[in-house]
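To start, the structure itself, in structure tokens.
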Amino acid sequence: MTFELQAQDTKSNARAGLIQTDHGPIETPIFMPVGTVGSVKAVHQTELADEIKAQIILGNTYHLYLRPGLDILERAGGLHQFNSWKKPILTDSGGFQVFSLAHRRKIKEEGATFQSHIDGSRHLFTPENVMDTQRTIGADIMMAFDECTPGTADFDYASKSMAMTHRWLDRCIDRFDHTEPKYGYHQSLFPIVQGCVYPDLRKRSAEFIASKGREGNAIGGLAVGEPTEKMYEMIELVNEILPKDKPRYLMGVGTPANLLEGIERGVDMFDCVMPTRNGRNGMLFTRNGIMNMRNHKWVDDFSPIDPEGTATVDTLYSKAYLRHLFISDELLGLQIASIHNLAFYLWLVGEARKHIFIGDFSTWKDQTIKKITNRL
RNA sequence: GGGCAGUUACCAGAGUGGCCAAAUGGGGCAGACUGUAACUCUGCUAGCGUAAGCUUACGGUGGUUCGAAUCCAUCACUGCCCA
């Protein structure tokens, strides 16, 4: 994998770049649709590629390990073969599940034991076997196994958690460096900065992560309960330390406004379930603001879903029709909303990239945030 | 023509003397959702009021009772069965 810095905004830390992987290029800043169990929910691969113009998608180690399981993934020839996505894939390590499934896991120095949310069986995830699993999945970008610390953690907990994540990282790196890809193409390992909302911890963590000299770096443990302003502060602080010549990935973030604020602070990669999950729940993001498609106000609005939208569904269908689909629990509504939202997210980061090249990113960002945060 | 059962909020449907402006489900109206246990979750859903509260309400009318969706009479309507 290579990363080329192509443009740097003069008034902010925003930058545009190009990642090259064995599964093709990724133009940054980029948004990566989340496909936890090997599927971006309600969206075909053809739509992902042609309509949404996704360049890379996510998978999840925890979920794919439980289902379909490593044997099937290996026999399929890896996740790319299994789900017919020919472009790059990044897998999360299960570190987020240490947070989101906190009530059904136990953390020890060795690793985290999960009680499966599917059948209750117990499974130990260690830095070593999480590397092995991601080798089997065949992700282009593998994530280190970390503890995603809640944004509300106290300093003492955050400090100990961060230290353990660092020890886990060393074990991840050791295993990663002593194993080979299974399917003949290159895989990268991204370490993850933790440290909750504590500047001292974030600084130490960023220095530790940067010192590992991996091909890219990630910022984790944000948008997990802390105030948004704290999140922005942490991004700013961490990005002063993370190397400029490597891609920076802000994990799990976020709202369209979060993306622009992140880009301004030097983030290159984002992922979030928001466009797909909120889409399935009837919420549409557009360049003019946010719409709840279940609202009565759309009942007889026969104008296109998003007249300026880039996806076919945006002009093919009306707001009234989409509202009807949601009110009627029709599956097509989930598909249209998911495609629209993802296309919007990809359009947004693409525009950001353009404006970084043009040199007016900050001005454009301020105007855009005002519009996209409107409630329609 | 006779017998039986029933009529409760937008719909379905509990409730059979006070704890009932009335369970529950659906529908409707809003809100939430950030490395996905999520086509999920939360709130509201007679009127006025921020609220306490007040008013109108369980087919109609008239009773019994301190008190009625609940008991009685009668009328109307609906369903089933028999002729």
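To find a chain, count down the sequence lines: A is the first, B the second, and so on, and within it residues start at 1.
- Annotation: B/C4 and B/A83 have their C1' atoms spaced 15 Å apart (nearest Å).
- Here A/Gly333 lies out of heavy-atom contact (under 4.0 Å) with every strand.
- If you measure from atom CE of A/Met274 to atom P of B/U40, you get 18 Å, rounded to the nearest angstrom.
- Atom C1' of nucleotide B/A32 and atom CE of A/Met283 are separated by 9 Å, given to the nearest angstrom.
- At B/A38, none of the side-chain N or O atoms of A/Asn281 fall inside 4.0 Å of OP1 or OP2 (strictly under the cut-off).
- Rounded to whole Å, the distance from CE on A/Met293 to P on B/G31 is 13 Å.
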Pick out the pairs of N or O atoms, protein on one side and nucleotides 27-29 of chain B on the other, that lie under 3.5 Å.
| residue | atom | partner | partner atom | Å |
| --- | --- | --- | --- | --- |
| B/C29 | OP1 | A/Arg323 | NH2 | 2.9 |

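- The listed nucleotides are B/U34, B/U36, B/G35; the one nearest the side chain of A/Thr255 is B/U34.
- Using a 4.0 Å heavy-atom distance criterion, A/Arg67 is classed as making no nucleic acid contact.
- Counting heavy atoms from C-beta outward, A/Gln6 and A/Arg353 have side chains that approach closer than 4.5 Å.
- Among the protein residues, A/Thr276 comes within range of the nucleic acid bases, having at least one heavy atom under 4.0 Å from a base atom.
- Judged as a salt bridge (Lys or Arg N to Asp or Glu O under 4.0 Å), not a single pair has a partner in residues 216-225 of chain A (not counting sequence neighbours).
- Within the nucleic acid shown, A/Asp146 comes within 4.0 Å of at least one base atom, counting heavy atoms only.
- Looking at heavy-atom distances under 4.0 Å, A/Glu147 makes no contact with the nucleic acid at all.
- Rounded to whole Å, atom P of B/U34 lies 12 Å from atom CE of A/Met231.
- The cluster map of Ile, Leu, Val, Met, Phe, Trp and Tyr, joined by side-chain heavy atoms under 4.5 Å apart, puts A/Tyr232 and A/Val197 in different clusters.
- Rounded to a whole Å, the CG atom of A/Asn217 is 16 Å from the C1' atom of B/G35.
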